[in-house]
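Beneath this line is the structure, given in structure tokens, with notes to follow.
Lettering of chains follows the sequences in order, A, B, ..., and the numbering in each one begins at 1. Just the heavy atoms: all of them, side chains too, but no hydrogens, waters or symmetry mates, feed the values below.
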Number of protein chains: 2
Amino acid sequence: MADISPSRWDDQSAVPEVVVGRLPQYVRVLKELLSDGVEVANSQQLGQQLQVTPAQIRKDLSYFGRFGKQGRGYSVRRLLDELQQILGLNEQWNVVVVGVGRLGKAILSYPGFTPDGFHIVAALDNNPSLIGQEVEGVKVRAVEELDAVVKAQNITIAVVAVPVRFTQQVIDKLVECGIRAILNYAPTSPQVPESVKIRSIDPVLSLQSMTYYLTNGSE
Amino acid sequence: MADISPSRWDDQSAVPEVVVGRLPQYVRVLKELLSDGVEVANSQQLGQQLQVTPAQIRKDLSYFGRFGKQGRGYSVRRLLDELQQILGLNEQWNVVVVGVGRLGKAILSYPGFTPDGFHIVAALDNNPSLIGQEVEGVKVRAVEELDAVVKAQNITIAVVAVPVRFTQQVIDKLVECGIRAILNYAPTSPQVPESVKIRSIDPVLSLQSMTYYLTNGSE
DNA sequence: AGAAGATTGTGAACGAATTCTCAAATCATA
DNA sequence: TATGATTTGAGAATTCGTTCACAATCTTCT
Ligand SMILES: NC(=O)c1ccc[n+]([C@@H]2O[C@H](COP(=O)([O-])OP(=O)(O)OC[C@H]3O[C@@H](n4cnc5c(N)ncnc54)[C@H](O)[C@@H]3O)[C@@H](O)[C@H]2O)c1
Ligand SMILES: NC(=O)c1ccc[n+]([C@@H]2O[C@H](COP(=O)([O-])OP(=O)(O)OC[C@H]3O[C@@H](n4cnc5c(N)ncnc54)[C@H](O)[C@@H]3O)[C@@H](O)[C@H]2O)c1
């Protein structure tokens, strides 16, 4: 009767993915509080900022440990440190951008990644007239050099900004050479093995999910 | 003892928000199939593309009607039409961009919105040297003209691309003048009344939720 | 036309996520 | 040091979302 393998690989007290998804938001709020000079915050206050119930915040944090003090709340600095530790935000993450067109260039020039530990250390394209150019201090290299670049510069994360029709093949290559996390900007849902993490950014999907409410909302 | 009002305002057979969030993805896949000349698809095939179980797709669609044929599947064209109808994608949505800096300009020049019915018809900024300039065929106007512009051009959706510290005040103004949906690019979680829909796009949050797995994944 | 095969739509079962609740811990004050 | 006011952490209860399972229906093949 024992059907599927009794010792599962990931589960047990695994942290739900939704919870992990909220931690970075907590980090953002805590950073803001810290730079406003706030030293202590309770779950009520934190929740208010993010439109989340206090209970949810406490439950989320309880997956990782006991960071608060009864009757008082959380030390902003302490909680921030703990969460950054948990999320691996103390390390420096090296990132490669694939596709240095209009969007790729915009990403290279966005200053928002570096303060959070994400360093764009390489850029690849397959357009000969781009290769060799320097963009925002990063030299554009041929996409064939992917493997060498990833190894040489210890890269674990890729940002993909190529046209839709090339996205899957580019991502296949990235997976092949050991990239473990991908941020995809092309409007498609690429397939990756479950050992590789992927997130897509698509403003059109966001807009379309809102128009539903504009159309059917209050009539 | 009866505390909160007994007749709730929205509920009953309301469609869960997660379901609405998946519909645009279905639309995207159906468009792809259509342009590949595929006329019929079953829930299995659709699910494969999106890494979703066939049962989920059928259950999602069942909130809105009965669009399939047993033993056969769904007519791609028919289902696409129905979903676009449901999401309000047949209408043309007029959009205003607030903040015409580096990101704002990039958004104005992104050709991906128009094919899906989102037309950027106005752009606002508060930098005098930008006002009056024309960017991608749209004249930049003073942010004080917001109300007039929204009314005159029948705008319901706003895209916000201003620095973090101005985001909340800009959004308050947008809400005040009747904007019903907001796409926010600033790395913050703005407060809006629940009658207004808001989505935020923040690549750093996406990256941070992945590093958790890179750090704690397989060791 | 009839039988075999495919696939939907949906109630019921299950599983996951959120919220409730309250004992235990801490703080503030006198 | 005792009292009252807060607030956490975490099990229990509840709500929400997904998957199962199968009757109903359509297609295809002979
Ligand atoms: N999510 C967003 O907010 C957003 C915004 C803009 C664009 N996009 C998407 O990003 C992608 C790129 O858009 P863009 O405007 O920069 O296009 P673009 O044409 O300006 O740039 C694409 C670049 O990719 C390169 N490229 C093509 N195939 C490649 C390959 N196999 N390997 C490496 N490089 C390759 C091209 O040489 C080009 O430089 C598109 O899919 C677009 O839809 C998304
Ligand atoms: N989510 C993303 O992918 C992403 C990418 C890049 C930038 N960003 C964010 O977008 C925002 C803008 O970034 P940017 O690089 O374009 O900055 P920027 O400084 O180039 O542009 C900001 C523009 O907003 C205008 N502005 C300021 N206050 C305003 C107000 N009250 N009303 C109207 N306009 C106002 C400024 O005049 C300027 O033109 C920032 O919050 C940044 O963090 C997000």
Side-chain angles (χ1 to χ4, degrees), chain A residues 3-4 8 10-23 25-26 30 33 38-76 78-80 82-83 86 194 209, chain B residues 1 3-4 6 8-23 25-26 30 33 38-80 82-83 86 194 209:
Chain A
D3 38 356
I4 35 172
R8 301 264 274 108
D10 72 338
D11 81 295
Q12 279 241 303
S13 57
V15 180
E17 195 149 332
V18 265
V19 173
V20 176
R22 280 190 295 263
L23 299 186
Q25 297 185 254
Y26 300 164
L30 288 164
L33 290 172
V38 179
E39 308 219 321
V40 174
N42 61 34
S43 55
Q44 174 98 52
Q45 299 170 288
L46 292 174
Q48 213 136 46
Q49 303 267 330
L50 294 164
Q51 312 281 59
V52 159
T53 65
Q56 175 140 87
I57 289 182
R58 297 204 302 275
K59 172 61 80 167
D60 283 355
L61 296 178
S62 78
Y63 282 100
F64 303 96
R66 308 155 52 98
F67 309 122
K69 272 216 176 77
Q70 284 105 325
R72 198 163 153 67
Y74 301 89
S75 151
V76 172
R78 161 93 196 288
L79 185 54
L80 178 56
E82 295 277 5
L83 289 179
I86 291 164
E194 63 176 328
S209 75
Chain B
M1 273 60 188
D3 38 356
I4 35 173
R8 301 264 275 106
W9 40 280
D10 72 338
D11 82 294
Q12 281 243 300
S13 58
V15 180
E17 195 149 332
V18 265
V19 173
V20 175
R22 280 190 294 264
L23 299 186
Q25 298 185 253
Y26 299 164
L30 288 165
L33 289 172
V38 180
E39 308 219 319
V40 174
N42 61 34
S43 56
Q44 173 98 51
Q45 298 169 290
L46 292 174
Q48 213 135 45
Q49 303 267 330
L50 294 165
Q51 311 282 59
V52 159
T53 65
Q56 175 140 87
I57 290 182
R58 298 204 302 275
K59 172 61 75 158
D60 283 356
L61 297 177
S62 79
Y63 282 100
F64 303 97
R66 308 155 52 98
F67 309 121
K69 271 214 176 76
Q70 283 105 325
R72 200 163 153 66
Y74 301 89
S75 150
V76 172
R77 156 133 291 137
R78 161 94 196 288
L79 185 54
L80 179 56
E82 296 277 6
L83 288 179
I86 291 164
E194 63 176 328
S209 74

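Look at CG on A:L61: it is 16 Å from P on D:dT7, rounded to the nearest Å. Put simply, CD on A:Q56 is 13 Å from C1' on D:dT15, counting in whole angstrom units. Distance NZ (B:K59) to C1' (D:dC16): 12 Å, rounded to an integer number of Å. Counting to the nearest Å, the P atom of D:dT8 and the CZ atom of A:F67 are 14 Å from each other. One can place CZ of A:F64 at 15 Å from C1' of D:dG9, the figure rounded to the nearest angstrom. The CD atom of B:Q44 sits 13 Å away from the P atom of D:dT19 (whole-angstrom rounding). Nucleotide D:dT18 holds its P atom 7 Å from the CG atom of B:D60, rounded to whole Å. Regarding B:L23, its CG atom lies at a distance of 14 Å from the P atom of D:dG17, rounded to whole Å.
With sequence neighbours excluded, the residues satisfying side-chain contact (heavy atoms from CB on, under 4.5 Å) with B:T53 are B:A55, B:Q56. For B:R77, the salt bridge (charged side-chain N to carboxylate O under 4.0 Å, His left out) criterion is met by no residue, not counting sequence neighbours.
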Hey, what are the protein-to-nucleotides 1-6 of chain D N/O distances that come in under 3.5 Å?
{"unit_1": "D:dT6", "atom_1": "O2", "unit_2": "A:G71", "atom_2": "N", "d": "3.4"}

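Taking 4.0 angstrom as the limit, B:Y74 places none of its side-chain polar atoms (N or O) nearer than this to OP1 or OP2 of D:dC26. Between D:dA10 and A:R66, a contact under 4.0 Å exists linking OP1 or OP2 to a side-chain N or O.
You'll find the side chain of A:L83 reaches within 4.5 Å of the side chain of A:L61, heavy atoms only. Side-chain contact between A:D60 and A:V52 is absent, with no heavy atoms from C-beta onward closer than 4.5 Å.
Nearer to the 5' terminus of DNA chain C, by closest-nucleotide assignment, is the contact made by B:S43 (compared with the other of A:R22 and B:S43). Both B:A55 and A:G73 sit near DNA chain D, but only A:G73 has its closest nucleotide nearer the 5' end.
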Cut-off 3.5 Å, no hydrogens considered: what does the side-chain donor-acceptor table look like for residues 64-74 of chain B, sequence neighbours left out?
none

List the atom pairs, with distances to 0.1 Å, where a side-chain N or O of residues 39-49 of chain A and a protein N or O form a donor-acceptor pair under 3.5 Å, not counting sequence neighbours.
{"unit_1": "A:N42", "atom_1": "OD1", "unit_2": "A:Q44", "atom_2": "N", "d": "3.1"}
{"unit_1": "A:N42", "atom_1": "OD1", "unit_2": "A:Q45", "atom_2": "N", "d": "2.9"}
{"unit_1": "A:S43", "atom_1": "OG", "unit_2": "A:R58", "atom_2": "NH1", "d": "3.2"}
{"unit_1": "A:Q45", "atom_1": "OE1", "unit_2": "A:N42", "atom_2": "N", "d": "2.8"}

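Contact footprint of chain A on DNA chain C: nucleotides with an atom under 4.0 Å from a non-hydrogen protein atom, first to last in 5' to 3' order, C:dA17 to C:dC27.
When each of A:V20, A:I86, A:V19 is tested with A:Y63 by the rule side chain to side chain contact (heavy atoms under 4.5 Å, CB included), just one qualifies, namely A:V19.
Contacts of B:R58 with the nucleic acid, taken as non-hydrogen atoms under 4.0 Å apart, include base atoms.
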